[in-house]
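First the structure, in the form of structure tokens, and then the observations on it.
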Number of protein chains: 2
Amino acid sequence: MKLLLSPVSVPTIETGLTSIARNVAELTGRVNSPLGKVNMSSDGARRRDVTVADVAKAAQVSKAQAARALGNYGAVSDDVRERVLAAAEELEYRPNELARSMNTGKSHTIGVVVGDIENPHFGLATRGITDTAKKSGFNVILINTDENTAAEMDAVRVLLDKRVDGLIVAPASSVETEHLRRVHESGRPLVLLDRSADRLAVETVAVDMAAISYESTRYLLDAGHRRVAFISTLRTDAGYSVEMRLDSSQISDRIEGMRRAFADAGCEFPEDLVRLNAGDAGSIRSLTREVLLGADPATAVVASDGLIALSVVEAIQEMRLRIPDDVSFLMYDDFAWTRLTTPPLTVVAQPVYEMGAAAASALIRQIEGRPPVAPAPEFQAALVRRGSVGPVPVAVPAP
Amino acid sequence: MKLLLSPVSVPTIETGLTSIARNVAELTGRVNSPLGKVNMSSDGARRRDVTVADVAKAAQVSKAQAARALGNYGAVSDDVRERVLAAAEELEYRPNELARSMNTGKSHTIGVVVGDIENPHFGLATRGITDTAKKSGFNVILINTDENTAAEMDAVRVLLDKRVDGLIVAPASSVETEHLRRVHESGRPLVLLDRSADRLAVETVAVDMAAISYESTRYLLDAGHRRVAFISTLRTDAGYSVEMRLDSSQISDRIEGMRRAFADAGCEFPEDLVRLNAGDAGSIRSLTREVLLGADPATAVVASDGLIALSVVEAIQEMRLRIPDDVSFLMYDDFAWTRLTTPPLTVVAQPVYEMGAAAASALIRQIEGRPPVAPAPEFQAALVRRGSVGPVPVAVPAP
DNA sequence: GTGAAAGCGCTAACAC
DNA sequence: GTGTTAGCGCTTTCAC
């Protein structure tokens with residue numbers, strides 16, 4: 001609560017401060033000691049906010065000059081600037097960013113739309129986004145869609161209405177993308193995270209899923225596995241079949257990678273072991289049981305994300321099957337806890353934080369109208385071989 | 001892109017639509033087919049947004065009437081409402097929430113300030129907050145402070161400048177709370193999460209840490225442990241000592257609970273095993289080694305949160321110590337992965353999601369000026385006994 | 001350098 | 001019911 005200037009610096013300024021004090025007292029309706037709190041306000045009711053007009057009056061300058069000094073733009077003499085700043089400090093003036101945004105058209109806010117912030121994958125990505133945004137002076141409005149396209153359309157609309165400067169969306173669907181197309185066409189910067197959108201030429205930050213899926217499937221094939229199950233939360237109307245068009249680029253890319261690997265190895269892709277619609281922990285557990293207990297059971301299971309992985313491993317443990325002796329296991333996302341299980345789990349590590357950060361910088365670059373730097377950086381996932389993938393068991397384990 | 005009304009419904013309306021179409025064409029500078037897109041805008045530059053004035057002109061009513069129909073308030077005849085809505089649809093009008101907020105004084109946005117969104121604890125709490133906020137039509141601006149008070153002060157200021165309707169803060173410090181007091185005194189609703197703030201009478205949603213700490217310490221004492229280590233990220237200037245005043249109510253409550261349990265059991269509290277300032281994975285590992293390898297080593301370790309727990313368990317495994325045979329382990333927060341280790345971990349479960357949700361409803365209640373419901377709900381943590389706490393080993397394990 | 005005045009897009013009095 | 005007219009708090013011409 002100190003004044004910006006020492007009252008002894010220059011005589012003229014001292015006069016300034018004095019009259020400021022008087023004007024401040026008039027405005028607040030009370031006399032105050034030089035360094036005391038001006039706005040006592042434990043008195044319940046929220047008083048009218050202090051505005052530039054108030055500051056201007058106290059500093060005895062025009063509103064325009066006060067605004068210039070406060071927003072530091074335009075031309076302001078040192079004398080005026082000092083008086084204004086002192087008055088602002090004294091009155092505890094705070095700019096109304098809403099009003100500011102209204103005439104500048106910039107809100108310095110970006111909207112982030114994710115499927116589930118509770119999922120550490122998005123938690124980490126969000127951290128990458130917020131860290132980067134903060135560095136450039138941007139704030140983040142976060143909306144959760146629960147991987148539901150209707151909620152996503154809503155989210156996008158709300159964010160646009162709030163006049164965010166740009167959007168980062170991890171689309172729930174790669175097919176239903178009309179709302180995203182609209183954002184893009186409206187001219188507001190948009191960056192996609194994790195998943196792409198069909199026929200929408202928008203900057204997208206994601207890893208090459210087909211490639212890493214191919215690589216990790218190769219790894220399983222090399223270990224002798226032919227019956228590989230793939231479990232994903234992706235919601236579909238029917239069970240999986242080859243010809244169906246999947247809603248998520250991310251998942252279809254992964255399955256595509258698996259198919260290619262099987263084809264290249266001259267093996268038949270175990271289409272019957274692809275399980276979608278894995279929802280809550282219970283359903284994941286029963287899906288796991290299904291693929292592991294059928295007539296021709298899976299010898300390896302691939303979990304599509306960390307949340308699924310938890311339930312799959314739990315189910316496997318409940319079935320008293322050993323990893324990797326009885327069944328091999330592979331999962332997407334490298335969380336710290338995957339090193340703590342016995343054995344530690346083999347995972348596909350994605351540079352999640354970096355991708356969030358990259359999405360944010362790309363968006364901010366667009367917002368600020370700067371051209372893309374060189375070729376957009378490619379993100380590669382990596383297969384981290386730990387202990388959960390082993391050779392195919394010789395005999396099928398007794399249930 | 002369908003019109004709200006079928007043009008055949010009533011003759012007068014048909015006329016209305018026709019003139020709307022004409023006026024729309026004038027505004028957009030192009031003629032368009034009845035059901036076609038009006039605002040083609042792949043043409044790069046973001047055009048001026050459509051405003052109520054535009055809609056009013058197209059619908060041939062006053063700005064006020066258009067605004068009333070659009071914001072549905074005040075009195076509007078069916079005829080006018082229909083024409084306005086049709087015009088709005090046709091022009092793809094979207095309200096400017098910024099402008100709306102400016103005159104209503106409500107932004108329908110709440111600010112959430114947490115230490116680290118990457119920590120699943122906050123991820124889950126945030127989910128509770130956003131879910132609840134959405135139900136009441138509120139959005140969330142999320143700011144990460146990295147558990148740094150300066151960043152928190154900044155965050156609060158920014159949020160206030162953006163005129164959020166209220167704030168939920170998980171304070172980095174229970175001692176440096178001037179900035180929070182200011183929020184409170186300024187009259188803007190504030191709810192604290194997880195930790196309380198000294199001498200600040202603000203609604204706070206947190207579990208009774210002292211109680212659960214007492215209970216879990218009793219559990220360890222009953223198992224024979226006397227040398228119990230406690231590892232926390234809490235930053236302090238010096239090492240821990242009894243008389244020091246801790247910056248976090250959460251941590252001091254826990255230590256307080258431990259002390260009481262030790263005192264009640266007639267045992268001496270192993271003050272030398274309290275380790276603060278646990279930062280990155282590396283430092284946590286070395287702290288763990290320290291308490292486990294000293295002259296009078298710990299026989300049980302308590303990890304203050306999930307992130308710390310990961311590194312502690314990892315360190316224990318690296319040291320080739322077995323849990324719970326060589327060392328017992330207890331941690332705060334019940335994450336799904338704690339059931340996957342061998343043995344599964346004994347944890348203190350907190351209703352994190354519910355607390356986030358409760359914080360949000362309390363805040364929204366305050367924002368809407370409703371009185372507190374009955375006594376605020378108490379949140380209790382629970383000790384979940386799994387397999388990581390065992391009896392004290394008879395002989396000290398050889399290093 | 002400075003100040004008066006005109007917006008930004010909306011809501012809210014206030015007349016009719 | 002409807003239209004006119006003020007604002008909200010700020011930025012931004014445009015004169016001086």
Side-chain angles (χ1 to χ4, degrees), chain A residues 12 16 27 46-85 87-88 91-109 160-165, chain B residues 12 16 27 46-85 87-88 91-109 160-165:
Chain A
T12 57
L27 282 169
R46 194 189 314 178
R47 330 155 305 291
R48 206 179 108 285
D49 285 331
V50 176
T51 73
V52 264
D54 298 325
V55 175
K57 197 175 301 175
Q60 302 180 108
V61 297
S62 71
K63 227 178 59 176
Q65 280 309 82
R68 289 195 253 258
L70 259 11
N72 48 213
Y73 56 87
V76 186
S77 67
D78 287 354
D79 174 51
V80 167
R81 185 192 329 285
E82 282 160 353
R83 291 208 329 260
V84 169
L85 260 27
L91 291 168
E92 289 185 5
Y93 166 81
R94 293 270 72 215
N96 182 329
E97 290 295 344
L98 250 36
R100 206 165 253 186
S101 297
M102 273 219 54
N103 1 209
T104 59
K106 323 251 75 220
S107 62
H108 288 285
T109 302
L160 254 25
D161 289 355
K162 280 203 181 298
R163 299 301 192 261
V164 294
D165 292 340
Chain B
T12 58
L27 283 168
R46 195 188 313 181
R47 329 157 304 293
R48 207 180 109 283
D49 285 331
V50 176
T51 73
V52 263
D54 297 326
V55 175
K57 197 176 301 175
Q60 302 180 111
V61 296
S62 72
K63 228 177 58 176
Q65 279 309 83
R68 288 194 253 258
L70 257 13
N72 49 211
Y73 58 87
V76 186
S77 68
D78 287 355
D79 175 51
V80 167
R81 186 191 331 284
E82 283 162 352
R83 290 205 333 259
V84 170
L85 261 28
L91 291 168
E92 289 185 7
Y93 167 81
R94 292 271 71 214
N96 182 330
E97 290 295 343
L98 250 35
R100 206 166 252 185
S101 297
M102 273 220 56
N103 344 223
T104 60
K106 325 250 74 220
S107 62
H108 289 285
T109 302
L160 255 24
D161 290 355
K162 280 202 180 297
R163 297 304 191 262
V164 293
D165 292 339

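Lettering follows sequence order; numbering is per chain, from 1.
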Indicate whether OP1 or OP2 belonging to D:dG1 is found under 4.0 Å from a side-chain N or O atom of B:Arg68.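 Looking at the OP1 and OP2 atoms of D:dG1, neither is under 4.0 Å from any side-chain N or O of B:Arg68.
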
Looking only at side-chain N and O atoms, does A:Tyr73 come under 4.0 Å of OP1 or OP2 in D:dT13?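 For A:Tyr73, the contact criterion (side-chain N or O under 4.0 Å from OP1 or OP2 of D:dT13) is not met.
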
Pairwise distance [atom1]([X]) to [atom2]([Y]) - rounded to 0.5 angstrom:
| X | Y | atom1 | atom2 | result |
| --- | --- | --- | --- | --- |
| A:Lys57 | A:Thr51 | NZ | OG1 | 8.0 Å |
| B:Asn96 | B:Met102 | CG | CE | 10.5 Å |
| A:Glu97 | A:His108 | CD | NE2 | 7.5 Å |
| B:Glu92 | B:Asp49 | CD | CG | 11.5 Å |

Spacing between [X] atom [atom1] and [N] atom [atom2], to the nearest angstrom:
| X | N | atom1 | atom2 | answer |
| --- | --- | --- | --- | --- |
| B:Gln60 | D:dT2 | CD | P | 14 Å |
| B:Met102 | D:dG7 | CE | P | 14 Å |
| A:Asn96 | D:dC10 | CG | C1' | 8 Å |
| A:Leu98 | D:dT11 | CG | C1' | 15 Å |
| A:Asp54 | D:dG9 | CG | P | 9 Å |
| A:Lys63 | D:dT13 | NZ | P | 16 Å |
| A:Glu97 | D:dC8 | CD | C1' | 15 Å |

Do B:Asn103 and D:dG7 share a donor-acceptor pair, side chain to base, under 3.5 Å?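 Counting by modelled atom types and ignoring angles, a donor-acceptor contact under 3.5 Å is found here.
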
Which sits closer to the 5' end of DNA chain D, B:Asp78 or A:Leu70, going by the nucleotide each is nearest to?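 Checking each residue's closest nucleotide, the 5'-ward one belongs to B:Asp78.
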
Are any of the side-chain heavy atoms of B:Leu70 and B:Leu85 separated by less than 4.5 Å?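 Of all side-chain heavy-atom pairs linking B:Leu85 with B:Leu70, at least one is under 4.5 Å.
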
I need the minimum non-hydrogen distance between B:Val80 and B:Gln65, along with the two atoms involved.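 So the minimum-distance heavy-atom pair works out to CG1-CB, 4.2 Å.
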
Taking every non-hydrogen atom, the tightest pair across A:Tyr93 and A:Val52: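 Shortest heavy-atom contact: CE1-N, 3.6 Å.
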
Bounds of contact between DNA chain C and chain A, in 5' to 3' order, using a heavy-atom cut-off under 4.0 Å: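 Footprint of chain A along DNA chain C, 5' to 3': C:dG1 to C:dG9.
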
